[in-house]
Every structure is written in C-alpha cells, then in structure tokens.
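One structure below.
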Amino acid sequence: MSATEATGIARLSVAFADTGKRAALMPYVMGGFPTLEDSLRIGEACVQAGADVIELGMPYSDPLADGPVIHAAGTQALAAGANVAGVLEVARALSASVPVALMCYANMVFAPGAAAFAERLARTGACGLIVPDLPYGEAPEVSEACEQVGIALIPLVAPTTTPERLVEIGASARGFLYTVSVVGTTGERRALGGDLADVIARAKASTDVPVAIGFGIATPEQACQAADAGADGVIVGTRLVRAASDPEAAAQHDAAAAVGAVVGELSAGLAQAR
Amino acid sequence: MPALAELEQAWLAAREDPQYRAELNGLLRDFAGRPTPLYRAHRLSERVGRPVYLKREDLNHTGSHKLNNALGQVLLAKRMGKRRIIAETGAGQHGVATATVCALLDVECVVYMGVEDTRRQRPNVQRMELLGARVQPVDAGAKTLKEATSQAIRDWVTNVQSTHYVIGSVVGPAPYPALVRDLQRVIGDEAREQMLGREGRLPARVIACVGGGSNAMGMFAAFIGDEQVQLVGVEAGGDGIDTSRHGAPLTVGGRPGILHGSRSAVMQDEEGQIVQAHSISAGLDYPGAGPQHAYLRDSGRAQYVAVNDSDALAAFRALARLEGIIPALETAHALAWVLAQEQGELDLVCLSGRGDKDLAEVLGASGDSV
C-alpha cells in the first residue's frame, strides 16, 4: 500500500479523535439533492457548522434501507440528473475539508466492478464506503477492493445482529462501525430505543474502531443521549434531508443555510459539557 | 439477516413435519380444490396441429396458482408465532390469495400495491378489502410491483418480530426463492403425473409465463430431471425487446444485478440504477426475475423468450373463443408463444390464472368492445 492509499482509513480514525465534542457529528447529505450544486453547498454548510465526517448518499432507484424522506430525495436527485460522476465530484470537493464516507447501494458498486468502483472512489479523496444492502461475508471482493486502495469499508450492524456475527463484523470493520439504533429503515423517531446503551456497548465490545450510531437521530437531545450512551459518532440524516426539502428554503435557494442551521444546533448541543 | 436464517430453519423443519404437511395438503385439497385438472385443449390443439394440454391453475381457488404459495407460507408463519402477515402484489392475484388465507386462518393482513396497479386491477383491490385485508397503495417510483415489493421489505425489516412477509414469487433473498419453488412445485408434480396418465409419455415442451417466475418454477421443478423435456419461460416483451419498454431481463441478457436481495437477471442502466419495466400485464411488469431462472438459462436447461403486448392480447382473445377459457394476461404471453410455434409434438402450458381481472385493461387497450 502506498502512502496516499493509506490515507482514507487513517484520516477517518483521526476524525473521531479530536472533535472537541462529546461525539463526532456526522451529517448525511444526499448527493445531487436538490441539485448537484446545492448538495455541495449543503455539505460545505455542514462543515462550517461543525461536521466532523460527512456521509454522502449516492441516489439510487431502489434504496431499501431508506425511509420515505431519503427515498424521495434520491428519486428527485436522479430526476434532476444526478449520476455517479456528478456525486463523486461532490465527494472530491468536500474531501478537501472533511473526511467523506460514501453511502452507495450494492448494485451500483458492482455495475463497474467492485475494484473499479473502489479505485474511482479513492481517486476523489473520499475515505470510506458504506454499502447498506451488502451483508457481511456475501462479497469479499468488495472489502478486498477497498483494502487495496485504502478506502474504509464501513459495515452496518443492527440490534438484531447476532452476537456471533457482531464479533466477525466488528473485527472486519474499517473506519468506524455503523451501528443502527433501531430495527427498521432510516427516518426520524420521537424517542430512541431504551436499549440504546446496550446496543452501543455491544458494538463497542466487538471492535477496535469507533462506533457511530445512526437511523432515527434528529435532535440535539437525541444526539447527546447517544453520546452519553457511549457512541463515538452520531449520524443525522433524515432530519437534514427534510431541512433541505423545506419548500421555503427551496424557494429562496437556501437549502444550505437551512441545513447548516440544524447542524449548528446539533454541534452546539454536542459541544456542551455533560 | 437473522430473520432470514430463522425463516430458513423454520421452513426446513416444517417441510419434514408430517403434521404441517398434512395440514397443508388438506387445505390444498379441500379449500383450494387441488389437484387442478389437466385439460387437453382440443380446438387450440387443432389450430396449432399438435396436442396442447393446459394445467388449469385458473381453477385453483382465487383464480390462480398464487394460493398454493400463500397457504404454505401463512401456515408456516403461524407455526413461527407471527401474528401479522404482509405481502406485495402486482396483478393483485398474490394479494388476493394472501388475503384469502389470512381470512381463513384469522391473521392480520396488509398488502402493498403500486398506485398504478390499484388502478389497473381495481376488482382485485375490492376483493382484498372484502376479505378483510388492508391494501396499502405505494406511490414511489413507477408505482408498480417493484416499488410494492420494496415497501413490503421495509415494513418487514421494521416489524420483523411480529410479522411474516409472504413473498409472492421466486424472488427476494434466500430462502424465499427455494421456499416459493417448493410450495409451487405441486403444479409440476401433478401435471407430470396427469400427463403420464393421459398420454403415457412426458410432454416434449413445458411452457409457462415468467414475471418473477413462480408458476414457471413450480412447473419446471418437476421436469428438470427429464432431460428430453424442453422448458420454455415466456417473458413480457412489452412494446418489443428492441425498445426500452419491456419486462424481459432473462431474454435480453446483459450484466446480472441485485434487486430485492437476490442476484439475477435485472433490467438496469450502465451505472446500476434499476430501470422501469413495462408490460400490459401487471403481474409481469417487473424488472427482475428469480435467480433460479437465471441459473436454468445460463446452464442451458431452460430457454427464455419474450412475447409483446399485442401478441399477448391476441392470444387472450384466441383462447376465449377457442376454448371458452379467459386466461390471465400474464398467461396469455405463454399461450401466444405456443400459438406462434409451427413445430412441436406435445405441449404442456401452465394456465397460471384466470383473466376476469384483466377485462377492463384489455378492452381499454384494444380501444373497442369485445
């Protein structure tokens, strides 16, 4: 592995080390939504407002792991002309200032071949890849391809993941372990599960990489709750996509400001002492 | 993932359990009306110049082969302690079958159906509601079977502890393709025995329509070991497979893809976006096909062909006039292929369902009255 090839994984690990917050703040941005230019501005606004890592979504025709808000945003992004090249350009631009993990469904990774996809992603300077519909162990060629180019293949675990699989997945995780807080798809929840601390503790015990929690987190209170429960990072997605979808913000071409304001609140919440 | 492992274990156990089998077989006989007849279609045979037999799944209760699978899966779900059943449906036949079994066995039932299909298949929506199911319209994407399936999968991953997802075809993640094949195999097993009884020989060709491919797989499964029997799956050609408007991923070929948890023939673009299928028949309007069919194609054991909307419509009318049987538009694709063949010695066609549900669509498409 060359020096440049190692940077993706290394850069992600540093991102969790020194955030000045109770946990790393990891906003999700749908690539190409409402347009490619807007999604770049939204990402930049997130960085300004305190994002430590950006999770960039590749819009997909059949996003099985996503709830209705992110699904609709992806559909709209595709209708507006978003494609792989365009979204990877957003990844490249954001990577200049923040570690970026791309969330991309498996069929798009396999379309050009896992090796070609990973190489192309690495060339943008992005750090990680999340493939939400690729079960651990189903496609070793994807992890090999990522390893080759220093991209962290970030696995997902859920409350339903069995202890045996959790051990295997935790050991294989690169970058961070994406821990799903609830059983189900992405989307805001009024309350996080009561067993959140258990879910996080189980995840942390399985791995040496940071544990980031996602699915269902929308408010500064929930973000702090996750941090207090031991999460190293907090992923907020649907709440931000909803802010970007707000008709008033859209009318004023101000989706970035709308998202930035929400990220700012989350960041301030996480920055407060316990 | 743990839910799929649990389902696989439960199915492997149930399949060997005499009590489960007795209960299922009893319902197939007394409730569904099995075995369904094997009918020698005399005038159709005369027309094509060789004997053609129809396996009459249209005479199965609820009017299609879908009930075979629904009975088996809902019984299995009850064994597993699930209190809630969900299903996806395209043409509505699987939804009706599932709603029927849920009424019979007193289980809550939610059926996901694309908004476009609720329009095309209005009578089936009314039937499901009458049977006590909740029909949940799906407004995403092309608003047809693909989106309904996605929404059912999302429901399942959210409510997996209480809910069993009754997939209607040989698609989806393992163990579903094998589970649905096992439950539909009754079609082929009966037909094989009936054909041997009637003709003293096996058919030269077995023909069935393929959307996801459950009636075809149920039929083919019994004949795979009979190497002399040719297996033909007929997909939806839509406006033609040289256009983008069809539902024939097996026929067209190309790079395999991942859809709804299995890797198989899939209609997709260069970047891996799944593209919309098109067919006049809602049950074939799906951009994927079961992985077992892709295997049978690649191994050369089965061949796959496509029939256009217009030829399917003509066959729909032809069977009504020739035999007094109104076939489902899905089935009409298989019949159209048979009608177009000049060669052959003994054909067995799976008449997978009845066509009453399609009258409005057919008369609308023809722009005239009967």
Side-chain angles (χ1 to χ4, degrees), chain A residues 58-68 70-72 74-79 82-88 104-113 117 120 131-139 156-166 169 180 182-187 189 215-216, chain B residues 1-7 9 88 112 136 138-163 165 171-174 249 254-277 286-288:
Chain A
M58 179 71 79
Y60 183 53
S61 55
D62 297 82
L64 276 181
D66 287 304
I70 291 183
H71 186 183
T75 303
Q76 197 181 320
L78 291 172
N83 58 13
V84 172
V87 173
L88 289 185
C104 183
Y105 283 85
N107 201 47
M108 297 191 71
V109 175
F110 289 114
F117 190 92
R120 195 172 174 194
V131 189
D133 59 341
L134 184 68
Y136 170 77
E138 283 291 315
L156 284 95
V157 295
T160 51
T161 304
T162 61
E164 300 76 39
R165 276 182 70 81
L166 189 59
I169 297 171
V180 175
V182 291
V183 180
T185 55
T186 59
R189 310 288 198 279
F215 285 34
Chain B
M1 290 296 293
L4 293 169
E6 180 196 353
L7 178 60
Q9 287 306 314
E88 85 295 340
Y112 289 94
Q136 187 67 52
V138 178
D139 200 19
K143 307 173 188 188
T144 62
L145 181 56
K146 173 169 75 90
E147 289 74 23
T149 305
S150 296
Q151 205 53 38
I153 292 174
R154 292 192 183 98
D155 180 317
W156 195 43
V157 301
T158 306
N159 301 300
V160 64
Q161 269 128 5
S162 68
T163 299
Y165 173 26
V171 300
R255 191 181 69 242
I258 297 166
L259 176 61
H260 296 141
S262 55
R263 184 168 178 275
S264 184
V266 172
M267 295 169 62
Q268 58 185 322
D269 72 11
E270 290 277 295
E271 296 197 329
Q273 304 285 355
I274 309 299
V275 302
Q276 292 176 16
Y286 183 68

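Computed over heavy atoms, backbone and side chain alike; hydrogens, waters and symmetry mates excluded.
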Side chain, backbone, both or neither of I153(B) within contact of chain A (heavy atoms, under 4.5 Å)
side chain
Surrounding CZ of R263(B) (heavy atoms of other residues, nucleotides or ligands, distance under 6.0 Å), is the total greater than 12?
no
Can a donor-acceptor pair be found, under 3.5 Å and without considering hydrogens, that links the side chain of R154(B) to the backbone of D66(A)?
yes
Check each atom of E270(B) against the heavy atoms of chain A and say whether the ones under 4.5 Å are side chain, backbone, both or neither.
backbone
Look up atom NZ in K146(B) and atom OG in S61(A), then write down how far apart they are to the nearest 0.5 Å.
4.5 Å
Interface moiety of A85(A) toward chain B, non-hydrogen atoms closer than 4.5 Å
backbone
Between the side chain of Q273(B) and the main-chain N/O of N83(A), is any donor-acceptor distance below 3.5 Å?
no
Please classify the contact of P112(A) with chain B as side chain, backbone, both or neither, using a heavy-atom distance under 4.5 Å.
neither
Side chains of I258(B) and Y105(A) in contact at under 4.5 Å (non-hydrogen atoms):
no
Spacing of CD belonging to E271(B) relative to SG belonging to C104(A), to within rounding of 0.5 Å:
9.5 Å
Student check: side-chain heavy atoms of L259(B) and N107(A) closer than 4.5 Å:
no
Note: T160(A) and P2(B) closest approach over all heavy atoms is O-CG, 2.8 Å
Selection from P59(A), A79(A), G184(A), A158(A) maximising heavy-atom pairs under 4.5 Å formed with chain B:
G184(A)
